[in-house]
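Everything below concerns the one structure shown next.
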Amino acid sequence: MNVRPIKNEKDYRQALERLEVIFDAPIDTKEGDEAEILSLMIDTYENEHYPIEAPDPIEAIKIRMEELNLRQKDLVGVIGGKSRVSEILNRKKKLTVEMIRKLERILQISAYVLVTNYQLVKK
């Protein structure tokens, strides 16, 4: 096992190539241990150099609706009437604290995600 720190893009590509070769190595073998260490190092490098930002609240709601096969009309009564749901999902109005509480409970989206600031569409 010749594991080296990932310091740059070249090291990163080499680590990915090596991991591809040993990915299915049995656990508790030299190659299995190497695969586990490489995976951790690659993950650390990717988190530092290629961070994935959480979606804004409206995108999070839309993603969750898609996952649950919900349509806009399914949020009527949860965050208001038909026009209020449309205004929220089209970024014309901001979510209120009460809406956030209901969405957190019903869609099971973290309030942390829902309270994040986002831009409204200019009229």
Q.
What's the separation between atom CD1 in Ile22 and atom CD in Glu36, rounded to the nearest 0.5 Å?
A. 11.0 Å
Donor-acceptor contacts under 3.5 Å from residues 103-111 side chains, at least two apart:
unit_1 : atom_1 : unit_2 : atom_2 : d
Glu104 : OE2    : Ala111 : N      : 3.4
Ser110 : OG     : Tyr112 : N      : 3.1

Q | Shortest non-hydrogen contact between Met99 and Ile79, atoms and distance | A | CE-O, 3.5 Å
**Q.** Separation between CD of Gln14 and CD1 of Ile6, rounded to the nearest 0.5 Å
**A.** 10.0 Å
Q. Which heavy atom of Val113 sits nearest a heavy atom of Pro55, and at what distance?
A. CG1-O, 4.0 Å
Q.
Would you say that Gln72 contacts Ser86 through its side chain, given a criterion of any heavy-atom pair below 4.5 Å between the two side chains?
A. yes
**Q.** Interatomic distance, Leu75 atom CG to Lys102 atom NZ [nearest 0.5 angstrom]
**A.** 11.5 Å
(Q) Going by side chain to side chain contact (heavy atoms under 4.5 Å, CB included), name the residues that satisfy it together with Ala54, two or more places apart in sequence or in a different chain. (A) none
**Q.** Worked check of side chain to side chain contact (heavy atoms under 4.5 Å, CB included) between Arg4 and Asp11
**A.** CA-CA 8 Å; Arg4 298 178 314 127; Asp11 294 342; 3.5 Å; yes
Q: Measure across Leu38 and Ala15 and return the closest heavy-atom pair with its distance rounded to 0.1 Å.
A: CD2-CB, 3.9 Å
Q: Go through the steps for Asp56 and Thr116 under the test side chain to side chain contact (heavy atoms under 4.5 Å, CB included), then give the verdict.
A: CA-CA 7 Å; Asp56 73 25; Thr116 305; 5.7 Å; no
Q.
Can you tell me how far apart CD1 (Ile58) and CD (Gln119) are? Round to the nearest 0.5 Å.
A. 12.0 Å
**Q.** Worked check of side chain to side chain contact (heavy atoms under 4.5 Å, CB included) between Arg18 and Glu31
**A.** CA-CA 10 Å; Arg18 177 64 181 153; Glu31 286 186 335; 3.6 Å; yes
**Q.** Side-chain ion pair, Lys62 and Glu67, N-O less than 4.0 Å
**A.** no
Q | Rounded distance (nearest 0.5 Å) linking atom CD of Glu17 with atom CG of Leu19 | A | 11.0 Å
Q) When rounded to the nearest 0.5 angstrom, what is the spacing between NZ in Lys92 and OG in Ser83? A) 12.0 Å
Q.
One thing to verify: whether Arg71 and Glu66 come together as a salt bridge, which I'm taking to mean a side-chain N less than 4.0 angstrom from a carboxylate O.
A. no
Q) Is there a path of hydrophobic side-chain contacts, each under 4.5 Å between heavy atoms of I, L, V, M, F, W or Y residues, that connects Leu16 with Leu40? A) no
Q | Where Gly32 and Ala25 come nearest, the two heavy atoms and their spacing | A | N-CB, 3.6 Å
Q.
Taking atom CG as the centre, does Asp28 end up with more than 12 heavy-atom neighbours from other residues, nucleotides or ligands that are less than 6.0 angstrom away?
A. no
Q: Kindly indicate, with the supporting measurements, whether the criterion side chain to side chain contact (heavy atoms under 4.5 Å, CB included) is fulfilled by Tyr12 and His49.
A: CA-CA 11 Å; Tyr12 171 67; His49 292 88; over 6 Å; no
Q: Establish whether Met65 and Ile63 are linked, either directly or via other cluster members, by ILVMFWY side-chain heavy-atom contacts under 4.5 Å.
A: no
